[in-house]
Structure formats: structure tokens, C-alpha cells
Amino acid sequence: MNTSKEILGRIKIAINHSIDSSEVYLHKPNFIGTNAYEYIRDCLDSGWVSSSGSWVTKFEKLISEFTGSKYVIAVSNGTVALRLALYLIGVKKNDEVLIPPLSFVATANAVSHLGAIPHFIDIESDTFGICPIALEERLDQIAFLKNGQVFNKVTGNRISAVLPVHVFGLPSKIEEIKLVCSKWQLPIVEDAAEALGSFIRKPGESTHCGCFGEIGTLSFNGNKIITTGGGGALLTNNKKLAELAKHLSTTAKVNHPWNFYHDKVAWNDRLPNINAALGASQIEHIREKLHSKRNLHKKYLKYFNDLKDIEIVKEFNQSLSNYWLVTMRLNVENPYELREKILKDSHDSRIFIRPCWNLLNELPMYSKVPSGELKEARNQSERLLNLPSSPQLNDS
Ligand SMILES: *Cc1c(COP(=O)(O)O)cnc(C)c1O
């Protein structure tokens with residue numbers, strides 16, 4: 001069996017780490033060589049730092065061009081984007097929303113923020129996303145249709161949406177998930193918070209993650225592939241949903257040169273202009289970042305190629321991952337001890353490798369919600385480690 005020391009040694013080679021290297025984080029933002037200073041100066045000089053200004057529209061346009069999503073609505077963070085997306089497709093209090101247990105807590109929280117209830121569906125081992133087979137089986141087992149709506153036989157609640165996640169940037173099996181959802185006429189909101197720059201590949205054209213469901217969401221938190229400091233966005237090809245998203249995220253103010261007239265209870269979910277300016281300077285470099293991240297992933301593959309029990313996780317065939325985080329899988333019988341040792345040793349070397357999240361169904365607030373069997377989620381989550389993945393590590 002490979003030892004922690006050996007594994008850490010190879011990680012150090014892959015990222016060119018020496019004794020006097022400084023701390024190595026999982027994913028560190030980088031502004032060197034960008035227009036960040038110039039664009040933010042424009043906000044400071046003009047005074048447009050807050051909820052009005054031209055950078056928001058510019059940033060939305062750049063995201064739209066890159067992702068191919070017809071409409072993009074920038075908001076204040078990825079959690080808010082999810083909550084607004086779920087609201088827009090009609091998720092209501094006491095509804096159930098089908099989500100995977102292996103995700104950042106925001107995925108479940110956004111459901112709860114609407115008074116709805118997360119309902120966990122197991123994942124599959126290639127992509128860590130919702131398993132289409134588990135989804136189909138679970139629906140066949142517990143769901144029934146009444147007046148075109150889906151209900152849970154056991155709880156009596158309406159099931160109003162499916163919320164797949166593209167975990168660590170690896171595209172999930174979203175087309176197969178979509179087939180199951182179409183059968184039940186369940187709308188999809190895709191959590192693509194980690195997947196800017198990830199695509200499902202098709203001969204001739206590729207589709208960006210977040211563009212398969214009714215609405216997709218992105219996050220631009222500091223640790224994501226691009227950052228606005230804090231921010232998020234909704235992606236949709238549906239004009240009506242896009243207009244409503246803009247309206248409800250901007251206090252439902254009816255456009256008028258001086259009147260304050262609001263026609264709905266709504267939110268202040270706006271992305272400030274100064275954050276959008278930073279975002280514009282970031283998305284301008286997305287292709288270079290993707291290139292560097294793919295190279296870094298290749299290096300890890302190369303240096304772990306001959307270790308039998310250690311696998312660097314790869315995108316599935318018809319997909320293109322942004323490799324936001326490079327994931328190592330420990331294919332040993334009892335991974336717990338080895339994983340803890342690697343975490344301890346790497347932290348001693350100030351290389352901040354991280355395990356994957358605690359499963360959401362194991363958190364106190366989500367331990368009693370409806371759930372299918374979560375065998376694969378448990379199996380995978382204990383054997384995963386995320387490695388330092390900043391694009392600048394490739395360039396160093
Ligand atoms: C980051 C993240 C979010 C939330 O985004 P914030 O901008 O931090 O609110 C949601 N889902 C997933 C999977 C994430 O990684």
C-alpha cells in the first residue's frame with residue numbers, strides 16, 4: 001500500500017513545491033496581469049460602486065457569450081442564485097426538491113430558504129452527481145402523478161423540482177437525468193456553481209453545464225474558478241424566466257425615471273457594480289485558466305499514474321471538466337486512516353488538501369428529511385481528497 005509520505009511527495013512534485021514555498025491553498029484567486037485594477041478604478045472614480053452601473057450588464061454579456069446561455073442574471077452569490085431559481089420555477093413551502101447528498105451545504109439551504117424540503121437521491125461514482133438510475137428507481141418507488149403534478153406517496157408532499165449538481169466541475173450525467181425528469185415532467189435547476197467552463201461534448205457543438213435545465217446557477221465566490229469577491233448568476237434560455245429573475249432580484253421596481261413603485265414582494269439580490277467590474281476582468285481570462293487547470297490535472301495524472309490504489313479522477317468521455325478541483329480517490333479497503341494521515345501530513349507541510357464535504361444528510365438540520373438509499377454517496381465521500389488546484393500552480 002502507498003504511504004501518506006509517498007503520496008504527499010508526489011503532490012509536491014506535481015505542484016513544484018519546495019521547502020521555502022509558502023502556504024498552498026486549494027484554490028486561490030489571482031488578479032495579476034488582469035484589468036481588475038483599471039475596471040475597479042473606473043467604479044471608484046465614477047462613484048458607481050453599488051447596485052447601479054454599467055459593469056453588471058457588461059459582465060452578464062460576457063458570461064452569456066462564454067456559456068452560450070441566452071440570458072444571464074447576475075446576483076449577489078451562488079446561494080441566492082439557487083434560491084431565486086427554485087422560486088422562479090415554482091418551488092413552494094413544503095414541496096420536496098430532489099438533490100444529491102454530496103454537495104456544498106448551500107444546495108440544501110437554498111431549498112430550505114423557500115420552506116421546501118430537500119429529498120436526497122444517491123450519486124454515481126464517475127461524476128459524483130445524481131445517479132440517473134437511482135433517480136428513476138426512487139421516483140418509481142415513491143412518486144405518483146396527480147393532475148400533472150408529482151407527489152410523494154409516503155409524505156404526501158408535492159415534489160416540484162430536481163436539483164443536480166456538477167461536483168468539483170465534473171459534468172454530471174445531466175442528459176440521462178433530464179430524460180428521467182421529462183418522464184415525470186419535473187423541472188430542473190442545475191447547480192453549476194463549480195462548473196463554469198465545464199461542458200457536455202457533442203459532435204459539432206458542446207453545451208455548457210447549467211444550460212440543460214430550466215435554469216442553471218453559477219457562483220463567483222473567492223474560491224471558485226473566477227471570482228467577483230462574492231457573486232453568482234442565473235443562466236436560462238427562457239425569456240420570461242429571465243425577465244422575472246431580473247425583476248425579483250432588483251426589488252421588483254417598475255422602471256421609471258423617478259417613481260419608486262414596486263409591484264411584488266421581492267429581493268435585493270443584486271450584484272454590486274464594483275463586484276461585476278472585478279468579474280469582467282476575471283472572465284476575460286477564463287480560457288487561460290481552463291488551459292492551466294487542464295495542464296495541472298495532467299501533471300497529477302502523470303505523477304500518480306503508477307500508484308495502483310491512488311486514482312486522479314477524470315471527466316467522463318462525453319464531457320469536458322473545468323477541473324475546478326482535482327480530486328484524488330483512495331481505492332483502498334478502509335480509506336479512513338490513510339485519508340486522515342494524508343490530511344495531517346499535508347497540513348504539517350502547509351499544503352491545505354481537503355476532504356470532500358460531510359454528506360448533507362449527516363448534518364443535523366438534514367438528518368431527518370426524506371432520502372433514498374445513499375450507499376454510493378457514503379462509499380465515495382470517505383475516499384475523496386481535493387488537491388491544490390489553483391491555475392497559477394501550473395504556471396509556477
Ligand atoms: C459555492 C457553491 C454554492 C454557493 O455559492 P456561494 O456563492 O458561496 O453562495 C452552491 N453550490 C455549490 C455546489 C457550491 O460549490
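Both ligands and their constituent atoms are indexed starting at 1 by order of listing.
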Nearest neighbour in protein (non-hydrogen) for atom 2 (C) of ligand 1: K224 NZ, 2.9 Å
Mutual orientation of the aromatic rings belonging to H256 and W258 [parallel < 30°, tilted 30-60°, perpendicular > 60°]: perpendicular
Exam field: side chain N147 to backbone Q149, donor-acceptor pair closer than 3.5 Å: no
Donor-acceptor side-chain pairing of S18 and S21 below 3.5 angstrom: yes
Distance filter under 4.0 Å to N77 heavy atoms, resulting ligand 1 atoms: 7 (O), 9 (O)
Proximal ligand 1 atoms for G231, defined as those under 4.0 Å from one of its heavy atoms: 7 (O)
Nearest protein heavy atom with distance in Å, relative to atom 11 (N) of ligand 1: D191 OD2, 2.8 Å
Backbone of E376 reached by a side-chain donor or acceptor of D122 within 3.5 Å: yes
Minimum-distance protein heavy atom relative to atom 15 (O) of ligand 1: E194 OE2, 2.5 Å
Close approach of G230 to ligand 1, heavy atoms, under 4.0 angstrom: no
Proximal ligand 1 atoms for A193, defined as those under 4.0 Å from one of its heavy atoms: 2 (C), 3 (C), 10 (C), 11 (N), 12 (C), 14 (C)
Close approach of S103 to ligand 1, heavy atoms, under 4.0 angstrom: yes
Atoms of ligand 1 close to T107 [distance to a heavy atom under 4.0 angstrom, numbered from 1]: 11 (N)
Within 6.0 angstrom of F352 CZ, more than 12 heavy atoms from elsewhere: yes
Cation over ring face, K178 and F212, 6.0 Å, 45°: no
Check: H17 and R350 side chains under 4.5 Å, non-hydrogen atoms: no
Contacting atoms of ligand 1, where contact means under 4.0 angstrom from a heavy atom of T79: 4 (C), 5 (O), 6 (P), 9 (O)
Pair Y366-S112, side-chain donor/acceptor within less than 3.5 Å: yes
F220 N/O under 3.5 Å from ligand 1 N/O: no
